[in-house]
Structure formats: C-alpha cells, structure tokens
Colleague: 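First, the structure itself, so that you have it in front of you.
Below, chain A is the first sequence line, B the second, and so on; all start at residue 1. What you see is a predicted model, and the numbers here were worked out from it, not measured in a lab.
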Amino acid sequence: MTLDLIESHGLTLEEYERIKKRLGREPNLTELGIFSVMWSEHCSYKSSRPHLRKLPTKGPQVIEGPGENAGVIDIGEGLAAVFKIESHNHPSFIEPYQGAATGVGGIIRDIFTMGARPIALLNSLHFGPLEQPANQLIMEGVVAGIAGYGNCIGIPTVGGEIYFQERYSHNPIVNVFCLGVAPVDQICRAKASGVGNPVIYVGARTGRDGIHGVTMASEEFSEDSQSKRPNVQVGDPFLEKLLLEACLEAMKAGVVVGIQDMGGAGLTCSTCEMGSRGGTGVEIELARVPQREENMSPYEIMLSESQERMLLVGQKGREEELLRIFGKWDLEAVVIGEVRECPNLVVYNKGQKIVEIPNRSLADEAPQYHRPAEKPRYLSELIRWQDLDFPQPSDYNTLMLEMLKSPHLCSRRWVYQQYDHMVRTNTVVVPGSDAAVLRLKGTRGGLAISLDGNSRYCYLDPGMGAMLAVAESCRNVACSGARPLAATNCLNFGSPENPEVMWQFIETVEGIAQACKTFDTPITGGNVSFYNETNGAAVFPTPVLGIVGKIDDLQFARESHFKDAGDEVYLLGETRAELGGSIYLEQVGLPLCGPCPTVDPSQEKVLQDGLLELIRKGLIESAHDVSEGGLALALAECCLAPGCGLQVEASTSLRPDYYLFSEAPTRVVVSVKKKEEAEFLQAVSSLPVTRLGTVAHEDFQLSVNEQLLISIPIPTILREWNTSLDRVFGIE
Amino acid sequence: MKFGVIIFPGSNCDHDTYHALKHAMGQETVFLWHQDTDLQNVDAIIIPGGFSYGDYLRCGAIAKFSPIMGSVHRHTRDGKLVLGICNGFQILQEARLLPGVLLRNAGLKFICRHVHLRTENGETPFTTACKKGQILRLPIAHNDGNFFISPDELVQLQENEQIVFRYCDPDGNITPEANPNGSVHSIAAVRNREGNVMALMPHPERASEPLLGSKDGRSIFQSMINQEK
Amino acid sequence: MKAKVIVQLKEGVLDPQGQTIRRSLNKMGHLEVSKVRQGKYFEVEFDSPKDEQTIRQLVEEIAREVLSNPIIESFEIEDIS
Amino acid sequence: MKAKVIVQLKEGVLDPQGQTIRRSLNKMGHLEVSKVRQGKYFEVEFDSPKDEQTIRQLVEEIAREVLSNPIIESFEIEDIS
Ligand SMILES: Nc1ncnc2c1ncn2[C@@H]1O[C@H](COP(=O)(O)OP(=O)(O)O)[C@@H](O)[C@H]1O
Ligand SMILES: [Mg+2]
C-alpha cells in the first residue's frame with residue numbers, strides 16, 4: 001500500500017495502522033476500500049458520535065431508537081410509525097434532479113425495510129438566493145426530482161420548508177423525510193441471524209455508480225477512463241415501487257429474517273452491518289451479484305452505490321417462496337451467500353476468498369474523534385440590532401406586500417403543486433398549513449408531521465437556534481391538534497475538522513437535547529451531514545428537526561387558516577421585541593444581526609399543552625404559529641388560503657414595527673367562534689392571551705394603537721403572495 | 001355491484017380506489033392482477049391511476065400489452081362498464097378503447113390540486129347521479145393530462161356526446177384559466193361511442209369522503225352502482 | 001446488431017416541450033431559432049445473428065407497435081448496423 | 001435551415017426507461033432484443049440565412065447548454081440541412 005493510495009481513500013496513516021492491527025496483516029485493495037467507506041465520516045459518525053450520545057433517545061413511546069434503518073414509535077391501536085430523515089446535499093448540487101430524486105428513493109427504502117408502508121414524504125430545502133439564475137436552476141431541478149420520484153412511486157409529499165441564503169449557493173441543503181406505518185408486531189429489523197440462512201440480493205443490477213474516491217491512483221483504476229465516468233446516480237422510481245411492494249409482501253408472508261437497503265457504501269455497508277447487528281458473519285460470492293456493466297472488479301462491486309437494491313436474509317428452506325414473490329413483481333432476486341457463525345464479512349470472487357474482515361471492526365469499532373472545538377470569532381463580532389438606528393417604515397402597505405412576495409415568505413404553491421400530496425387518500429391537512437396531517441385508515445386518529453429549522457437563528461446562536469427549531473416543530477404539530485411524540489433530526493454542517501464548525505455542532509446537539517427532553521420528544525434517529533462547504537465557506541449550521549405527533553380523533557385536527565367571517569381572533573403568548581435574524585430586518589436592508597429570538601422550552605411546553613387542551617375542548621377553530629415575518633405575516637397567512645379578510649385593533653407598548661414583525665417564538669394565533677368566546681376566555685386564563693380582532697369578509701386591516709397601519713384588499717395580497725414563485729420561474 | 005380494480009406494476013391509486021369503493025361506497029370490490037385473465041365475474045372494471053411501468057416510454061404504452069387487457073376488451077364488447085382514472089385514461093387510449101391521446105401538460109409540470117368540472121353529459125352510466133351542467137370539485141394529479149384529438153375527431157366527439165366532463169371555473173364557465181393542462185376544448189373526460197367505457201383525468205376516489213375535503217367523486221361511483229338496478 | 005429509431009410527433013400535434021425550448025432559446029437571445037420539435041430516440045440491440053432484412057422487419061414491428069403511438073407519432077428507422 | 005440533434009445518456013449511466021422497455025419487449029416475446037437505450041431527438045429550425053458553419057456552431061452551443069445535461073448526457077449533431 002502506498003501512502004498515496006491510503007490518502008486517496010480518505011484514511012489517515014493512524015487509521016491505516018489500526019486497520020493493520022485489526023486484521024493482523026496488510027489489507028488488500030478491496031479491503032482497503034471497504035474500510036475506507038465504513039470508516040468515512042458519512043458511515044461511521046466518527047466526529048459526531050461522542051456528541052450524539054447526549055440526545056435523549058428513550059421513552060415509553062420509543063420502540064426502536066437510533067441504530068436501525070429508521071426510528072420506530074408506538075402510536076397506539078397496535079400501530080407503529082417508522083420515520084427518518086436523510087441528507088442528499090452534495091448529489092443535489094452536482095445534478096439537482098437526480099440528486100434529489102435518489103435522496104427520496106433512499107429514505108423511502110429506509111422506511112420500508114423496517115416493514116412499514118411509507119405514507120408520507122417531507123423535505124427541507126435550503127438554496128442560494130433566487131436572484132441568481134444558477135440557484136433557480138438548482139431549485140427547479142431539486143423540486144422536479146423530488147416530485148418525479150415521489151409522484152411515480154405513489155407516496156405523497158405532504159410538507160416541508162424552503163430557505164434562501166447566500167451560503168447555500170454552492171452547497172444547497174436537501175433533506176428528505178419519510179414516514180411509514182406498520183402493525184407493531186410486523187416491524188422487521190436489519191439483522192442477519194440464523195446460521196445457514198440464505199443472503200439474497202434483490203433489485204437493480206449493480207453498476208459503477210457513485211463509487212467513492214473517483215481519483216484512484218492504483219493500476220486497477222488508471223487503466224480506463226474511470227475518472228471521466230459520470231459519478232451521478234440515476235433513480236428508477238418504478239423499480240423501487242416494485243421493490244417496495246415485493247418486500248412488504250415478503251415480510252408479511254413471514255419469510256424475511258432480516259433486511260437492509262443498499263444505500264451509501266452499498267453491498268459493503270449492508271453486509272457488515274447486518275452481520276454486526278446479528279452477531280453473525282455474512283459470506284457472499286460476488287460472481288452471483290447481478291451486474292449492469294461488464295468486467296466490474298470486486299472493489300467496484302463492493303463499493304457501488306447503485307440505487308434500488310436490497311439485501312435480505314431469508315429463511316432457509318423457504319427460498320423458493322421468497323423468489324416467487326420477487327418474480328411476481330418482475331424483480332431479479334439471487335441468493336448470493338449465507339449467514340455464518342464466525343462474525344466476519346467474507347467475500348468470494350469466483351470461488352476465491354478476497355475479503356475477510358471482522359464485522360465489528362467495520363460497523364462498530366470505527367475510530368472516534370473528540371475534535372477540538374472553539375467558539376467562532378464571528379459570534380463576538382455580530383452586530384446587535386438594538387444598536388442600529390433605523391426608522392419606522394413610512395408605508396406599511398408597500399412593506400407588507402414586499403414581504404408577502406419575498407421568496408422567504410411567499411406561498412410555496414409553485415412547489416407543492418408539483419408534488420402529488422394526496423395520493424393514498426390519507427392527507428387530511430394538505431401543504432400550506434403548519435403541519436401536515438394524515439389519517440390512519442381504520443382508526444379515528446391521525447398523525448401530524450412538521451420539519452423545521454431556521455438556520456439564520458442557528459448562525460447567530462447555534463444552541464438557541466436548535467432549541468427554537470425543536471420548539472417550532474412541536475408548535476406546528478400542536479397547532480394541528482396533535483400531541484408531539486418523537487423527533488428525528490438532520491444536522492448539516494461544514495467541516496468537523498474546523499474547530500469553529502465543531503463548536504457550532506456541539507452547541508446544536510446540546511440545544512436539541514435540552515429542548516427534546518423538555519418536550520418529551522425523544523430522538524429516534526437522524527443523520528449528520530458534514531463537509532457542507534465550498535472553498536472554505538461553510539453553510540450556516542443547519543439542523544432540521546422533524547416532529548411526529550398523534551391526534552387521537554381527527555375531528556380535532558386543525559388548520560392554520562381562519563374558517564368563518566365573524567370569528568374572533570386571539571394571540572396566545574407574549575410579543576417581545578426580538579428582531580435578530582428576522583425577515584423584517586433583511587427586508588429593510590439591514591445585515592444579519594443578532595441576537596436571535598430566545599425560547600424557554602418549559603414555557604413553550606405550557607403554551608402548547610394549553611393550546612392542545614383548548615382544541616380538545618372544541619374551543620378553537622384554527623391555530624397558526626407565529627414564526628418568520630412575525631405577527632403581521634402570521635395574520636395574513638391565516639387569511640390567504642380561504643381568502644377571507646381580517647380586522648385587527650392591537651395595542652402595544654412596543655414600536656409598532658417591532659410589534660408586527662418581531663419573530664419572538666411561543667406565540668399562536670387562534671380563531672374562536674363568537675359563541676364560544678366566553679368559555680374560551682375562561683379556559684385560557686392560565687396563558688398569556690390578547691384579543692386581536694375579528695375575521696372579516698374582504699380587506700386585511702391592521703391598526704396598532706388606534707392607528708390604521710395596513711389596509712390591503714385580500715385579492716391583492718393573494719395575487720402577490722400566491723404567484724411570487726410562479727413569476728420567478730417564468731410562468732406566463 | 002361488484003367492482004374489479006386492476007393492478008399493473010406501478011399502479012399507485014389501486015388501494016385508494018379499492019378503499020373508496022369498498023369502504024366509502026360499501027361495494028364488493030376485488031383486485032385484478034395484470035397477469036391474470038380471469039375477471040372474477042366483476043360487473044365493472046376500474047383502471048386506477050398511477051405510473052404503470054413508471055410511465056416510461058409513454059404513459060400507458062406498456063400496460064396495454066398485459067394479459068388482463070384482453071379480458072378488458074372482451075368485457076367492453078359485452079357492454080359492461082369500464083372506468084379509467086388518470087393513468088387508467090392513458091391506458092384505455094393506448095388500448096384504443098377511448099379516443100384521443102394525453103400529452104404532457106402545457107406547463108410541463110406535474111400538477112396536483114383541486115379543479116372544477118362541468119358535467120357535459122349527465123346521461124352516461126357514469127353520470128346519472130349528476131345533472132347536465134352540474135359542477136364537481138375533484139383533485140387532479142398528473143404530468144400528462146393534456147387531452148389532444150384531431151379537429152375532425154373532435155367534431156365527432158361532440159356529435160356523439162362523448163365529452164363527459166370539461167374543466168371549468170367555480171361558476172361553471174369554461175375559460176382558458178380554468179383549463180389546468182392545455183386540454184383541447186378543456187376536455188377532462190370522454191366516453192366511448194357505445195357509452196360503457198369512460199375515463200377522466202381527475203380522481204374521484206380522492207373525493208369520496210368528507211374528511212378529504214370533497215365528496216363529489218361519489219356521484220361517479222354512485223352512477224355506476226345505479227346501473228345495477 | 002443495433003437499430004436506431006427516431007420517433008417524432010406528427011405535424012399538427014401540439015409539442016409543448018419543443019415550444020417551451022424554443023421560447024427559452026429566444027429569450028436567451030437565440031432569436032434565429034424559429035422552431036424546435038422534440039422527439040424520442042431509441043437504440044435497440046439484438047443478439048441473435050439474423051440478417052439485416054429480418055432485423056429490419058422486427059424493428060419496424062417494434063417501432064410501430066411499441067415505441068410509437070400512431071395516432072400522434074411517426075417513426076423512422078435511421079440505421080441498422 | 002434545420003439541425004437534427006440526438007441526446008443520449010452517457011455509457012455507464014443508468015437508463016431506467018431503456019431497461020424497462022427492453023424487459024417488456026422480452027416479455028412480449030421479442031427475446032432477441034438484448035438492450036434498449038432511450039434518448040431524445042430534437043429538430044431545431046433557424047430562419048436566418050446563415051452558412052452551415054455558423055449554424056453548426058450555434059447548434060453545438062444550444063445542444064451543450066440547453067438540450068443536454070452534460071453531467072449525464074452526451075449529444076450528437078446528426079445533420080444540418
Ligand atoms: N443527528 C442524529 N441524531 C440521532 N441519531 C442519528 C443522527 N444522525 C445519525 N443518527 C443515527 O445513526 C445511525 C446511522 O445513520 P446513517 O449512517 O445515516 O444510517 P443509514 O446509513 O442507514 O442511513 C442511524 O440509526 C441514525 O438514525
Ligand atoms: Mg439506511
């Protein structure tokens with residue numbers, strides 16, 4: 001092994017020494033490749049694992065926490081919800097359509113390998129500003145890719161979030177979330193157990209897609225135009241649909257002992273992880289692996305990241321049954337090996353043993369690093385918004401319209417109309433509200449799901465930003481009438497080798513841990529994506545939180561928009577002047593300044609519990625959380641879906657623009673039927689509550705301290721807000 | 001009435017349609033596998049939405065070669081009911097059981113949203129529960145719903161009253177803005193000349209329960225059920 | 001043996017994709033582009049050693065019945081080799 | 001003037017469409033079909049009277065920047081006439 005070769009595999013010399021010690025000899029090239037992917041940051045979490053341990057992962061609701069393909073929670077009535085989030089940032093930058101599409105394909109596989117039928121997809125997207133045509137192209141491709149995959153496979157994309165910020169221009173963030181449902185007793189695990197059981201490969205043939213390291217210097221790799229080979233994976237949603245149906249059918253038939261998808265690190269990862277979890281060994285013969293291209297080397301076969309492939313362990317003696325099910329769905333399924341007692345990964349090529357590595361050394365004994373962390377310099381140099389002297393807006397109407405059509409705040413209709421958000425006929429609350437709500441067929445109940453994470457706040461204060469993300473996600477779920485049950489998270493950061501990034505990461509994890517403890521939403525899994533940086537400029541710390549909540553009776557599901565003219569409008573929670581990181585400051589041309597808003601998780605919890613109780617008493621018609629854009633935007637959003645108006649007379653001791661556009665959390669706008677008002681006021685007494693006004697028919701009118709600041713006809717607002725993205729993307 | 005819902009590889013509204021017929025409409029319903037030829041004595045066949053064979057090549061182009069399609073042809077010749085929804089529309093056209101073709105949406109994007117439909121013919125076995133001129137609100141979700149037919153054939157469609165639904169605004173006006181995908185003449189649904197085969201791009205099965213925001217889709221299924229009497 | 005087949009929309013059939021490409025080319029400044037039509041291209045490979053005549057018949061059949069929809073599309077066999 | 005352009009996936013890039021068509025053809029009995037690749041075909045018409053050389057350059061630019069995705073596709077200018 002040359003130093004070059006070791007380094008080009010992303011391994012340090014120390015790591016190489018460790019490999020040698022573990023094997024008791026020099027690895028061969030294929031083994032080196034296997035170690036390099038399993039010990040990569042992506043697979044081994046070597047920089048993050050020590051910190052992730054701080055996350056709460058237990059609770060009576062948790063059936064399966066981090067460690068499996070996806071988290072599993074008990075949602076009552078004998079059902080389990082299986083969910084996880086993944087990043088596909090880099091591939092989406094290289095080829096937006098296919099990068100996003102294969103991201104969706106990957107997360108769907110994580111869910112159905114657990115035996116659950118996927119019923120919902122969500123996504124969190126961060127792009128560079130849309131003024132730059134290159135960013136438009138990325139966004140258009142990513143959205144089309146998500147749509148192309150999800151629509152074809154027939155899983156509704158029911159929600160998500162989109163942010164724009166310069167730091168994402170060369171490094172978009174594409175996080176995709178999937179949730180599935182299964183009877184609790186049918187959850188399947190990614191374990192290879194039962195010595196002698198067949199190891200079966202099913203799905204797409206293996207090609208040279210996504211083989212890592214591209215610039216291999218060895219003889220084996222310099223011989224052809226390897227490096228010029230496109231390193232882009234193309235998704236095949238149709239094939240995955242067949243895989244999904246066939247796998248669920250096989251698991252239901254009880255002939256599957258263990259199953260794992262081949263995602264990152266392909267055959268390598270699935271074989272050694274399944275063996276490691278089962279305490280067994282997996283032995284395979286590469287000559288039996290279905291191949292799409294000619295003359296693939298063992299190295300390439302083991303490291304290929306071709307999509308739409310599964311590895312499963314069947315029951316000895318029932319292979320025929322399994323193969324028949326896959327045959328019914330026109331899928332290629334081949335027995336490529338066997339479960340063995342000796343806990344090693346053993347790979348043969350045409351009868352010749354070429355790899356033998358202890359599973360644990362790959363899956364569990366990867367190096368771990370306590371990387372140095374240091375508070376970033378920029379944090380002590382942040383401008384405080386309170387120190388800036390900026391005038392009140394002279395024309396609130398114009399300002400309001402500008403904000404409504406800014407990409408940060410405008411309607412996401414252009415995006416979600418490209419997603420089939422209704423297929424499977426479970427979507428009770430469609431995109432455009434706070435959380436998506438899906439019914440659970442055969443029960444009275446449903447689930448609410450939200451993804452959140454405002455990276456502007458996280459940049460200003462990673463720990464607080466992370467708590468705000470958890471709080472907002474839970475608040476969205478609560479506004480829908482659901483009790484938050486559990487969480488997943490995707491942590492997108494720059495290089496962990498940069499102490500400042502590492503500091504941001506640690507703060508973030510601690511923030512999430514603290515908030516999730518308070519909200520009693522254990523983390524059931526997630527994903528860490530490091531190295532999101534271009535030319536040394538890292539993305540903002542971007543944690544994305546996914547919260548899943550349960551509604552026991554869907555008659556208590558709520559949407560964010562107002563229902564009827566004449567209803568009374570109230571604000572739950574207090575408005576503090578917290579403008580750091582706000583859209584308002586950006587809108588009036590100020591730089592990003594701190595401090596970001598602050599949240600007290602226990603206070604937030606009191607508010608959310610109170611809100612849920614009010615909803616369950618039937619006192620609330622609609623509920624909408626106050627977030628980006630502040631109260632003014634929240635109120636406008638409540639009007640826009642149904643196209644009704646609003647008459648608000650507010651009073652405040654704050655400067656009116658602070659009052660209207662502060663992004664202080666822990667606030668919810670609710671509407672209440674006139675005849676329920678007295679009862680509502682009585683029931684709400686323990687929470688801070690302010691009357692704002694009345695739902696009207698036509699105009700949006702907002703007075704503060706008896707001065708009419710905003711008065712715009714609803715159709716005008718609606719047009720600007722709804723069609724803003726249409727205009728960006730040139731729809732005539 | 002006994003309904004059969006065909007499953008092709010890539011069908012993805014099969015379970016939705018089954019659920020709507022069986023649980024929302026209370027009808028006996030079975031799945032029919034595309035490789036089979038036995039129709040299990042169903043009275044009506046539904047070809048559901050989805051992406052049969054991934055919609056690769058052309059929507060519906062590969063599905064038409066499945067063995068079950070021979071039985072569908074026979075069922076049609078016997079005068080029994082066949083309803084195509086979305087991808088089912090495309091398959092029935094590829095199989096020449098319905099006229100026209102469905103091209104890419106004029107805006108080149110997949111569209112998922114509610115639309116309004118005006119009942120143009122209230123006397124087909126699929127619309128007796130609607131009156132002529134009645135407006136239904138149903139969701140669409142498709143990439144290729146842009147109905148195209150030659151001018152001559154359009155005249156024939158009109159003469160034979162084969163146009164069953166057209167896209168309209170909430171008040172029933174047929175306007176270019178209310179046409180979501182560029183369809184000729186705003187056509188959303190057509191029937192065959194004999195009247196026992198109909199297909200539409202919108203999804204009635206997604207609008208058959210109040211919980212999902214509209215139950216206008218029921219009238220199409222109800223009309224079919226009414227035929228039994 | 002390999003056959004190359006081009007499938008195109010017939011004249012008179014709306015081609016939204018072609019139109020959109022033409023419009024965006026014009027917008028980008030390529031004003032001299034007056035029309036764009038988009039079609040499909042297939043390469044079909046055969047592994048049995050048949051003569052060109054037989055292959056041509058086969059390809060014609062496949063192109064007519066599977067690769068194209070005669071209501072809106074026409075096909076052309078470009079090349080067999 | 002009219003230019004014909006063929007855009008195809010590069011070798012090694014997965015072609016789900018082609019694969020699915022091949023599998024279906026095999027199932028229909030066309031067992032001799034061993035591979036299908038699907039690409040795109042464009043006809044681009046120009047209305048200004050330019051010489052072939054200029055047009056060829058133009059078409060190359062358009063094919064590279066608009067008609068194909070250079071990361072996974074390659075293009076070929078078939079014919080200019
Ligand atoms: N931010 C995180 N918080 C909690 N668990 C995490 C986080 N990131 C990763 N995990 C867990 O670590 C395990 C390994 O993740 P990953 O390698 O992404 O799994 P896979 O390769 O199956 O997608 C998973 O169980 C995942 O849930
Ligand atoms: Mg996985």
Colleague: Check each atom of D:Q38 against the heavy atoms of chain B and say whether the ones under 4.5 Å are side chain, backbone, both or neither.
Modeller: side chain
Colleague: For a quick test of reading the model, state the closest non-hydrogen atom pair linking D:M28 to B:F65 and the distance between them.
Modeller: CE-CD1, 3.0 Å
Colleague: Please check if the number of heavy atoms outside B:N41 that lie under 6.0 Å from its CG is greater than 12.
Modeller: no
Colleague: When you measure from the side chain of D:Q17 to the backbone of B:L57, do you find a donor-acceptor pair of N or O atoms at a distance under 3.5 Å?
Modeller: yes
Colleague: Enter the distance from D:T20:OG1 to B:Y53:OH here, rounded to the nearest 0.5 Å.
Modeller: 9.5 Å
